[in-house]
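One structure is given here, and the rest of the page talks about it.
Numbered from 1 within each chain, the chains take letters A, B, ... in sequence-line order.
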Protein chains: 2
Amino acid sequence: MKKPTLKDVAREVGVHVSSVSRALDPNARTPPADEMILRIKEAADRLGYRPNRLAAGLRTKRTMTVGVIIPDITNTLFPPILRGIESVLEPLGYAAIIVNTDGLPEREDRLLDVLQERGVDGIIHVAVLRHDPKVAQMAREGLPLVTLNRRLENSDIPCVTNDDDAGIEMALRHLMDLGHVHIGHVAGPTVFSTGKQRLAAFETASRKLGIQIVPAAVVPASRYDETEGARCTDLVMRANPRITGILCANDRLALGALEALSQKGLSCPRDVSVTGFNDIPFLDRIPPGLTTVRTEKFEAGQTAARLLLEIINGDGNPVPPETVLPVKLIIRGSTGPIGAMGA
Amino acid sequence: MKKPTLKDVAREVGVHVSSVSRALDPNARTPPADEMILRIKEAADRLGYRPNRLAAGLRTKRTMTVGVIIPDITNTLFPPILRGIESVLEPLGYAAIIVNTDGLPEREDRLLDVLQERGVDGIIHVAVLRHDPKVAQMAREGLPLVTLNRRLENSDIPCVTNDDDAGIEMALRHLMDLGHVHIGHVAGPTVFSTGKQRLAAFETASRKLGIQIVPAAVVPASRYDETEGARCTDLVMRANPRITGILCANDRLALGALEALSQKGLSCPRDVSVTGFNDIPFLDRIPPGLTTVRTEKFEAGQTAARLLLEIINGDGNPVPPETVLPVKLIIRGSTGPIGAMGA
DNA sequence: ATGAAAGCGCTAACAA
DNA sequence: TTGTTAGCGCTTTCAT
């Protein structure tokens, strides 16, 4: 009735538990005789034996479980990342505990405890702030840790990021090629490395491309959501009504920008072109189709998971501190030539 | 450097580990003296003690972890459900291990093992098939289990479902009210209880409302996805070209129907009206806006989690075998009056 | 090649 | 009120 343990299998075969343990462990240092292994495995199968990973973990300090911290699973940016992570973890016998911070640092702190109490072998952090003492501390104490999308500043926690610089430059160049001269930027929250980095990239790229930026037409959002995108877009347009192109730090801000523009009676792309970042799902089906910078979400998850496993199981060789994934400009209907004849 | 244990706290305070254990356990049967508790808690705090739930779980057979099985996290139907589950679990100290089956029974079997090896206290199954011997077996062995959205047939596993019957009837009546007479149904896979149930509801409701159904205009999909929705829609229209209304068993099928129609040069809703089921996110932003039956996803998650906890921690009172959540018709642009003057 | 024994960190009788 | 003890199921060193 109740779950059989090693002891039950041992009794069944008439050997000691340690023999059973060894027979079932493919990398046992002193495996039993082949014939014995067969008998033991047969009995284990027959009894429906399943190892108790809690007990094993208590002994070995390895739970084959990793924690994944994201801001919010209902944000469609994250599920593909999670599938990427799972795709490398699961075949190796690892399971993931996924937690949502909702962007609240105090919640994040508690969740870090939750994960650590469960003895996770490592954490993939997809929601880290630029400064996060607790995460820094845990990494220092030896907890294997990898950040994804964002990075923790002044730390040597390996991170997997997207090529923000290239992406922003592509988007800006695209707007320029369409003839746009007056361009604004709805920047991401500066507490995230992505917000800061993309803002810096915007400034660098506009200098490089010779585009004049009105400082007031660069507005940082306080969250990565549509409401903030709309609010900031209003400010951008107010700062410089001649603007015909708005580059947003991510897709949700851009979706908000679209709303704000139509609210003002402006048409996209006829009056104002808009670009996003990430290429979250469904964008192609939402008119007018957001032009955006596609990041490799599944790959990013895979890469982060591989890095984490390397840290956990590797032979101590240092892993690359930063892996930058390539991005790609996806052109859709939200960007168009300046002064295009509209319907 | 390394994580302090009960023993460390005990040594610090100069008491026995069991006293520390009791001091930290709010429902200890024999708690230490108040003053002692204070001293112990202070020391525990000071040392940064965190309980090791693995060890506790090994002892108590309770891990404060539950498993959640879903088909695919990238399907936007599921994240809100997960947040609902989390919203009741997390405050109580439970964590969730989420796994994706991709609709593959063999994968599901393996994942059930994964969860059980980790000693989950219970499982919320959001991807169960109508027949699933392994799940039935585990429930019989006493593993607390609740199914969500779908139900396992011939079993007494408690389930949280939506009012499929009412939803389908609402949708059908809505089409009828708009003047539609020739109506088809893209049914869900019959391996899922939702597919079967909604199909039955469609038949019942059409009889009740006096709508004549051409049997060939009822086509079951083999998966809940857009491709199948499109394929089945083709078959439906071929079965009866006079059809002006298609009721789909879920939103993704309906999205596929929309594609198939436009492929055929038919306009929605001018030529054919379409309805879905679930009201997944973003539907309002995708033209023409799918009319659909909204299910309470977050609530469903909450309800399932509460039921599971009741089974795990309750005083053995039986929990309701079935909780049916109300649904609501959301009317958008994909349904319109028959023969409407189009642009 | 196999068995014995210790112990991971914790809880819960039972004893004092 | 507090300490002692045993043991959850497993791994692993050491002995045979």
Determine, for A:Arg110 against A:Glu106, whether the closest basic-nitrogen to carboxylate-oxygen distance falls under 4.0 angstrom. no
Winner on side-chain proximity to A:Pro32, out of C:dT2, C:dG9, C:dT11, is C:dT2
Whole-Å distance between C:dT11 C1' and B:Arg59 CZ? 4 Å
Counting only side-chain heavy atoms from C-beta out, which of D:dC8, D:dT11, C:dG9 sits nearest to A:Leu6? D:dT11
N/O donor-acceptor pair under 3.5 Å between B:Thr303 side chain and B:Glu299 backbone: yes
Under 4.0 Å between a side-chain nitrogen and a carboxylate oxygen: does that hold for B:Arg118 and B:Asp113? no
Indicate, with a heavy-atom threshold strictly under 4.0 Å, whether A:Val15 touches base, sugar-phosphate, or nothing. sugar-phosphate
Can you check the B:Asn27 CG to C:dA12 C1' distance for me, whole Å? 14 Å
Could you tell me how far apart A:Arg11 (CZ) and C:dT2 (P) are, to the nearest whole angstrom? 20 Å
Just to be sure I understand the rule, does B:Ser18 reach a base, reach only the sugar-phosphate, or reach nothing, if contact means heavy atoms closer than 4.0 Å? base
Less than 4.0 angstrom from a charged side-chain N to a carboxylate O is my criterion; do B:Arg83 and B:Glu86 meet it? yes
Give the nucleotide from the list D:dT1, C:dT11, C:dT2 with an atom nearest to the side chain of B:Ser21. C:dT11
Rounded to whole angstroms, how far apart are CZ on B:Arg29 and C1' on D:dT2? 16 Å
Remember a base hit wins even if backbone is also touched, and classify A:Ser19 as base, sugar-phosphate or nothing at under 4.0 Å, heavy atoms. sugar-phosphate
Rounded distance (Å) that lies between atom P of D:dC10 and atom CG of A:Asp8: 9 Å
Just how far, in rounded Å, is C1' of C:dG9 from CZ of A:Arg62? 19 Å
Phosphate contact (C:dG9 OP1 or OP2) by A:Lys61 side-chain N/O below 4.0 Å: yes
So, OP1 or OP2 of D:dT2: does either fall under 4.0 Å of a side-chain N or O from B:His16? no
With a 3.5 Å distance limit and no angle check, can you tell me whether B:Asp25 reaches the backbone of B:Asn27 through a side-chain donor-acceptor pair? yes
Quick check: on DNA chain D, is the nucleotide nearest B:Ile37 upstream (toward 5') of the one nearest A:Asn52, or the reverse? Name the residue that is more 5'. B:Ile37
Distance criterion of 3.5 Å, no angle test: do you see the side chain of B:Arg22 paired donor-to-acceptor with the base of D:dG3? yes
5'-most by nearest nucleotide on DNA chain C - B:Arg50 or B:Thr30: B:Arg50
B:Asp25 CG - C:dA13 C1' separation (whole Å): 15 Å
Please report the distance, rounded to the nearest Å, between CG in B:Leu58 and C1' in C:dC8. 9 Å
